[in-house]
Number of protein chains: 2
Amino acid sequence: MSKEATKDALLAAARSEFAAHGIAGARVDRIAERAGVNKERIYGYFGSKEKLFDRVMEVVLDEMAEVVAMPGDDPVEYVGRIHDFYLAHPELIRLMTWESLHYREDALEGQHERIARCAAKAESLAAGLGREPSPDVARTMMTLIGLAAWPMVMPRLGRIVVGEEFGGEEGHLRMREHLVDFVRAALGRDADGGTAENSTGSTDGSTGNAGSAGNAEESGDGDAR
Amino acid sequence: MSKEATKDALLAAARSEFAAHGIAGARVDRIAERAGVNKERIYGYFGSKEKLFDRVMEVVLDEMAEVVAMPGDDPVEYVGRIHDFYLAHPELIRLMTWESLHYREDALEGQHERIARCAAKAESLAAGLGREPSPDVARTMMTLIGLAAWPMVMPRLGRIVVGEEFGGEEGHLRMREHLVDFVRAALGRDADGGTAENSTGSTDGSTGNAGSAGNAEESGDGDAR
DNA sequence: ACCGTAACCAACTATCTAGTTGGAAGTCAA
DNA sequence: TTGACTTCCAACTAGATAGTTGGTTACGGT
């Protein structure tokens, strides 16, 4: 096994382990075992458990930036898309959440580039909104990401607030529709986007929009907790 | 020291410890020490570290329900209010977050009553929105909570997306305004009172037209499942 | 005072865990 | 082959940690 392959195996194993148990809960022995590599390699290549976590997070943050990329021409459907992605890749959002709890002020490697890249994305969103790039557009982007991710971040709260029907495939679909509608209203986009459906200020039909959404799921990514 | 006082001291200490370090990261010795109580009492009264965490969470969830209570007559300012509360009580949101990562399907004690109580709140929100209580109103409530909490849940993401100015008192204030505007637009409530002078100026665009948008949707076929 | 019950605690233990060590097995060049 | 270098690993260690134990102190009734 080459050096790189070993490192990759460790990173992949660490990713699952950290996603499932967080930093404190993760066990280096489990990581090594799952990677089929001797534990000592973790220290040889990464230095410590925590540094390994940081390396994992750097990759994850980049992926995150990738996903969140290109709000494209339709900020509304954008939210649906992110939502679906998070739903299909729970471990991504779990890692983000662990990281946020760990949150130390000192930046992760490459933070600066990530910020820069993100600024580019915000420009794209600004274009989609027909506005100039500005901190406020960036805040909108932050908010859209939050809306899409929230149901997956706080499942128990969801069950408390929404009730039993929060969960399940059906529940997720309903939530998705709700989010898309919410954002549509917030951004004041009455169907100007190419979507076929009539925006209907007046409720009723409801379902119409969800259909337009282009696929929803695609379950992938095993790694359940 | 009476039994109750000891238990309370332990719960309070546990709350800080768990908020700071999570379940796996928390140390029972630290909890006992901070409570000024012998560690063994934790096992005597609560059974285990994990059960202690559950007890803490039951209290926290109740508080959460309390805060989230009474959307009252103005759903828009409601979001600002929750936002401020979370900002002022970070440990509450941290505990919620740890818990969500821990998430085991089996409900915490009293989950049912919490759900019931929350349903009552949703009714209040429905009234504020001028709509009938429905699962969709509950979803709106979930979304509003998410909007208010998101910046505190994902500070690092905030810094990446929004940039340096995300943090600090100024940053929080800006975010708050943004959120309130966003919700106002989404719920189609024109500004009544003199809230929020629009600092960013950005705001305007949406508010106007969004008013028309009115409500979002109500799913036709009642409840699934 | 006496007794039973319940709160309390110092010290202990069995286990677990991050991190280390010293050397074996490959790799490549001369 | 030799020798320098790198990747790899089984076994080890020092310290931490959740959970126990056995006994002591406070308390409330009779």
Side-chain angles (χ1 to χ4, degrees), chain A residues 1-58 94-95 98-99 101-104 106 108-109 225, chain B residues 1-59 94-95 98-99 101-104 106 108-109:
Chain A
M1 214 179 196
S2 82
K3 179 178 177 179
E4 282 310 311
T6 300
K7 282 174 97 169
D8 287 350
L10 280 172
L11 280 172
R15 187 176 170 136
S16 301
E17 179 73 9
F18 283 129
H21 305 103
I23 303 179
R27 296 293 164 243
V28 289
D29 299 85
R30 275 201 297 252
I31 294 173
E33 189 187 357
R34 194 189 286 217
V37 160
N38 190 280
K39 164 166 76 147
E40 178 268 354
R41 281 295 83 203
I42 290 173
Y43 299 94
Y45 289 141
F46 302 99
S48 73
K49 182 177 154 179
E50 194 142 327
K51 280 179 190 153
L52 174 59
F53 179 78
D54 286 350
R55 290 297 297 271
V56 169
M57 280 314 298
E58 282 162 29
R94 287 180 65 89
L95 284 165
W98 289 117
E99 206 283 331
L101 286 167
H102 191 54
Y103 199 25
R104 306 141 302 173
D106 58 316
L108 254 33
E109 195 95 7
R225 6 176 291 108
Chain B
M1 212 181 199
S2 83
K3 178 178 177 178
E4 282 311 310
T6 300
K7 282 174 99 170
D8 287 350
L10 281 172
L11 280 172
R15 186 175 170 136
S16 303
E17 179 73 10
F18 283 129
H21 304 104
I23 304 178
R27 298 290 163 246
V28 289
D29 299 85
R30 272 200 301 250
I31 294 173
E33 189 186 358
R34 195 189 286 214
V37 162
N38 188 279
K39 163 166 76 147
E40 178 269 355
R41 281 296 84 204
I42 290 173
Y43 299 94
Y45 288 141
F46 302 99
S48 72
K49 182 175 151 180
E50 194 142 327
K51 280 179 190 154
L52 174 59
F53 178 78
D54 287 351
R55 291 298 298 271
V56 169
M57 280 314 299
E58 281 161 30
V59 176
R94 287 181 65 89
L95 285 165
W98 290 116
E99 206 283 333
L101 286 167
H102 192 53
Y103 197 28
R104 306 140 302 172
D106 57 317
L108 254 34
E109 196 95 7

As a test of reading the structure: which of [options] is closest to the side chain of [X], going by heavy atoms?
{"X": "A/Y43", "options": "D/dT20, C/dT20, D/dC8", "result": "C/dT20"}
{"X": "A/T6", "options": "C/dC9, C/dA18, D/dC8", "result": "D/dC8"}
{"X": "B/R41", "options": "C/dA18, C/dC8, D/dT7", "result": "C/dC8"}
{"X": "B/E40", "options": "C/dA18, D/dT21, D/dA18", "result": "D/dT21"}
{"X": "A/R27", "options": "D/dC9, C/dA18, C/dA7", "result": "C/dA18"}

Output the rounded distance in Å from [atom1] ([X]) to [atom2] ([N]).
{"X": "B/N38", "N": "D/dA18", "atom1": "CG", "atom2": "P", "result": "14 Å"}
{"X": "B/K3", "N": "C/dT5", "atom1": "NZ", "atom2": "P", "result": "15 Å"}
{"X": "A/E50", "N": "C/dT17", "atom1": "CD", "atom2": "P", "result": "17 Å"}
{"X": "A/E17", "N": "C/dA18", "atom1": "CD", "atom2": "P", "result": "9 Å"}
{"X": "B/E33", "N": "C/dC9", "atom1": "CD", "atom2": "C1'", "result": "15 Å"}
{"X": "A/F53", "N": "C/dA18", "atom1": "CZ", "atom2": "P", "result": "15 Å"}
{"X": "B/I42", "N": "C/dC8", "atom1": "CD1", "atom2": "C1'", "result": "14 Å"}
{"X": "A/H21", "N": "C/dT17", "atom1": "NE2", "atom2": "P", "result": "11 Å"}

Looking only at atom types and distance, does a side-chain atom of [X] sit under 3.5 Å from a main-chain N or O of [Y], one as donor and one as acceptor?
{"X": "B/W98", "Y": "B/A19", "value": "yes"}
{"X": "A/R15", "Y": "A/V56", "value": "no"}
{"X": "A/E17", "Y": "A/R27", "value": "yes"}

Exercise for the section: Report yes if the side chains of A/L101 and B/L101 come closer than 4.5 Å at any heavy-atom pair, otherwise no. Expected result: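 They are in contact (side-chain heavy atoms under 4.5 Å apart), so the answer is yes.
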**Prompt:** Does the side chain of A/F53 come within less than 4.5 Å of A/E99's, by heavy atoms?
**Reply:**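 Side chain of A/E99 against side chain of A/F53, heavy atoms only: contact under 4.5 Å found.
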Between the base of D/dA16 and the side chain of B/D29, is there a donor-acceptor distance below 3.5 Å?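 Counting by modelled atom types and ignoring angles, no donor-acceptor contact under 3.5 Å is found here.
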ask   = Between the base of C/dG19 and the side chain of A/K49, is there a donor-acceptor distance below 3.5 Å?
value =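 By the distance-only test, no, there is no pair.
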Applying a 4.0 Å non-hydrogen cut-off, can you work out what [X] is touching in the nucleic acid: base, sugar-phosphate, or nothing?
{"X": "A/A32", "result": "nothing"}
{"X": "A/A26", "result": "sugar-phosphate"}
{"X": "B/Y45", "result": "sugar-phosphate"}

